[in-house]
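As the structure lists them, so they are numbered: ligands from 1, and atoms in each ligand from 1. Every value quoted in this text rests on a predicted model; they were computed, and no experiment measured them.
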Amino acid sequence: MTAPPPEPTVRTVDLHKTYSSPRGDVPAVQGLDLAVAPGEFFGLLGPNGAGKSTTIGMLTTLVVPTSGRAEVCGFDVAAHPVEVKRRIGVASQNNTLDNDLTGAENLEFRGRYFGLNAKDARRRADELLDMFGMGDRRDGKPFELSGGQARRLMICRALMHRPEVLFLDEPTAGLDPQTRVNLWEVLRDLQQQGQTILLTTHYMEEAEALCDRVAVVDHGKLLASGTVADLKAEAGADTVITVGYDGPVPEGVAALRERAGVERVEVTDGQVRVFARAPEGVLGELVAVGSAAGVGVTDASQLRPSLETVFLTLTGREYRE
Ligand SMILES: Nc1ncnc2c1ncn2[C@@H]1O[C@H](COP(=O)(O)OP(=O)(O)OP(=O)(O)O)[C@@H](O)[C@H]1O
Ligand SMILES: [Mg+2]
């Protein structure tokens with residue numbers, strides 16, 4: 001007999017959040033279904049305003065769902081917020097460190113709040129500061145930290161009570177590439193030690209580098225979810241060739257639809273986009289069709305199958321990082 005699959009650590013069912021604002025209702029999350037397995041590194045990927053922080057807010061009991069369900073470690077977030085809070089660590093998108101306390105004190109204070117004695121809190125804080133390369137910052141104040149250091153300190157603080165699940169809302173937003181890659185390494189180590197992690201990001205590259213599975217969201221809705229490989233396969237694993245012309249798109253581009261290995265040709269004003277399984281020669285043909293019609297090419301790009309082309313294929317829109 002095979003064991004039944006483990007209960008998800010995080011689950012949402014038809015989750016909705018509509019904010020009321022003076023300008024009217026804002027449907028931030030519109031029917032989200034997610035499941036994150038124990039030990040999984042899960043990414044919520046979407047552009048600005050997609051509803052990522054709102055989703056994290058609901059899962060961490062800070063935002064009240066309008067309808068639907070959200071459960072963390074088997075507890076409904078609305079019915080059992082205290083049980084949920086005990087089991088989660090959160091590093092929010094904005095800096096919430098206490099500037100009156102040192103780095104170590106920020107952590108120890110959190111540890112004490114969760115019931116660690118002074119000695120254990122200190123030991124745990126030192127262990128985390130070391131793990132995140134922040135040992136030399138233990139006695140400094142948060143306002144002296146760089147953006148990347150502050151992020152790391154917030155993640156340390158979120159881990160003080162050994163939460164079952166760690167929520168990271170855009171942990172690397174605004175960091176330089178090297179700092180970002182360093183943080184990725186620490187996060188990978190954490191997962192290897194068994195930590196379940198749900199991260200939001202608007203960087204496709206980050207989702208691809210870290211996450212076992214990814215949910216792509218936009219306008220509060222799930223566009224697709226699965227492993228990055230699944231998503232690429234689902235969207236057709238197409239290469240996307242885009243060409244802009246300095247005049248009307250030549251009629252001749254329609255002929256590309258008949259070409260072997262071309263899945264789809266989309267024409268918008270001044271631009272043609274070809275989704276191709278076999279992209280070889282497509283770009284050259286688009287240029288040739290242009291010159292035959294007396295129009296020049298102003299820009300051209302060829303994107304290999306990636307989360308970016310998945311997004312393009314699913315929405316017809318370019319991903320706005
Ligand atoms: N407290 C609020 N009141 C009204 N509208 C809100 C509130 N918080 C968020 N919104 C709106 O809800 C939508 C989703 O916002 P959310 O912050 O969840 O997106 P996000 O994916 O985290 O974006 P970002 O990548 O910019 O952090 C946006 O249209 C936003 O303007
Ligand atoms: Mg956000």
Side-chain angles (χ1 to χ4, degrees), residues 10-34 36 41-70 72 77-78 81 84 88-97 147-148 150-152 154-155 157-158 165-177 179-180 183-184 187 197-211 213-225 228 231 307-308 310-312 314-315 317-321:
V10 174
R11 185 194 345 239
T12 71
V13 181
D14 199 23
L15 188 63
H16 285 76
K17 176 67 189 184
T18 301
Y19 293 106
S20 311
S21 85
R23 283 161 289 109
D25 285 353
V26 182
V29 172
Q30 308 185 62
L32 206 54
D33 295 306
L34 298 175
V36 180
F41 204 139
F42 191 91
L44 206 52
L45 172 75
N48 287 137
K52 303 180 297 294
S53 293
T54 301
T55 303
I56 295 271
M58 290 190 276
L59 289 170
T60 58
T61 78
L62 299 176
V63 174
V64 181
T66 306
S67 67
R69 239 180 35 238
V72 175
V77 295
V84 171
I88 63 173
V90 192
S92 60
Q93 190 169 2
N94 48 337
N95 184 333
T96 56
L97 294 165
R151 294 249 148 224
R152 280 182 276 163
M154 289 201 7
I155 301 172
R157 186 178 64 177
V165 46
L166 176 65
F167 292 92
L168 302 175
D169 197 359
E170 309 243 8
T172 71
L175 303 191
D176 67 72
T179 310
R180 177 175 302 152
L183 187 53
W184 287 356
L187 295 178
I197 304 175
L198 194 161
L199 153 150
T200 77
T201 183
H202 57 257
Y203 300 118
M204 300 209 164
E205 207 197 332
E206 179 158 285
E208 203 153 356
L210 291 177
C211 300
R213 282 189 315 133
V214 176
V216 185
V217 289
D218 196 17
H219 302 301
K221 291 184 180 151
L222 190 67
L223 295 178
S225 71
V228 171
L231 293 179
L307 280 176
E308 175 122 37
V310 169
F311 194 85
L312 258 171
L314 291 171
T315 66
R317 281 177 290 116
E318 249 150 73
Y319 187 79
R320 313 158 262 134
E321 269 198 348

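Atoms CG and OG, on D169 and S92 in that order, are 7.0 Å from each other to the nearest 0.5 Å. Note that CG of L32 is 9.5 Å distant from CG of D14, once rounded to the nearest 0.5 Å. Interatomic distance, CE of M154 versus OG1 of T96, reported as 4.0 Å (0.5 Å rounding). Summarising the geometry, atom NZ belonging to K221 is positioned 8.5 Å from atom NE2 belonging to H16; distances are rounded to the nearest 0.5 Å. Distance check, rounded to the nearest 0.5 Å: CG of L45 to NE2 of H202 gives 9.5 Å. In this structure, OG1 in T179 is found 7.0 Å from CZ in R152, a value given to the nearest 0.5 Å.
Closest to atom 25 (O) of ligand 1 among all protein heavy atoms lies K52 NZ, 2.7 Å. Taking atom 9 (C) of ligand 1 as the reference point, the nearest protein heavy-atom neighbour is Y19 CE1, 3.4 Å. At the shortest separation from atom 17 (O) of ligand 1 among protein heavy atoms lies S53 CB, 3.7 Å.
With ligand atoms numbered from 1 in the order given, ligand 1 contributes 12 (O), 13 (C), 14 (C) to contacts under 4.0 Å with heavy atoms of A28. Numbered from 1 in the order shown, with element, the atoms of ligand 1 that lie under 4.0 Å from a heavy atom of Q93 read 27 (O). Against a heavy-atom cut-off of under 4.0 Å, A50 is close to the following atoms of ligand 1: 19 (O), 20 (P), 21 (O).
By the 3.5 Å distance cut-off applied to N or O atoms, S20 is not counted among the residues near ligand 1. Taking distance alone, with nitrogen or oxygen atoms compared against 3.5 Å, T54 approaches ligand 1 more closely than that limit. The distance criterion of under 3.5 Å between nitrogen or oxygen atoms is not met by H202 with respect to ligand 1. Checked against a 3.5 angstrom limit, the closest N/O atoms of G49 and ligand 1 fall inside it. Considering backbone and side-chain N/O atoms, V26 never comes within less than 3.5 Å of an N/O atom of ligand 1.
Both tests pass for R180 against the ring of Y203: distance under 6.0 Å to the centre and angle within 45° of the axis.
Coordination check, Q93 versus the Mg ion (ligand 2): passed, since an N/O/S atom of the residue sits under 2.8 Å. Within the coordination shell of the Mg ion (ligand 2), defined by N, O or S atoms under 2.8 Å, S53 is present.
Residues L44 and L199 are not in side-chain contact: their nearest non-hydrogen atoms beyond the backbone lie 4.5 Å or more apart. In this structure, the side chains of T200 and F167 stay at 4.5 Å or more apart for every pair of heavy atoms. The side-chain heavy atoms of I197 and V165, taken from C-beta on, include no pair separated by under 4.5 Å. Counting heavy atoms from C-beta outward, L168 and I155 have side chains that approach closer than 4.5 Å.
Proximity of atom 5 (N) of ligand 1 to the protein is indicated by at least one non-hydrogen atom lying closer than 4.0 angstrom. Note that atom 13 (C) of ligand 1 has protein non-hydrogen atoms nearby, at separations under 4.0 angstrom.
When heavy-atom distances to ligand 1 are checked against a 4.0 Å cut-off, N48 comes that close through both its backbone and its side chain.
For E170, the closest heavy-atom approach to ligand 1 falls below 4.0 Å. Assignment of G51 to the shell around ligand 1 is supported, since a heavy atom sits closer than 4.0 Å.
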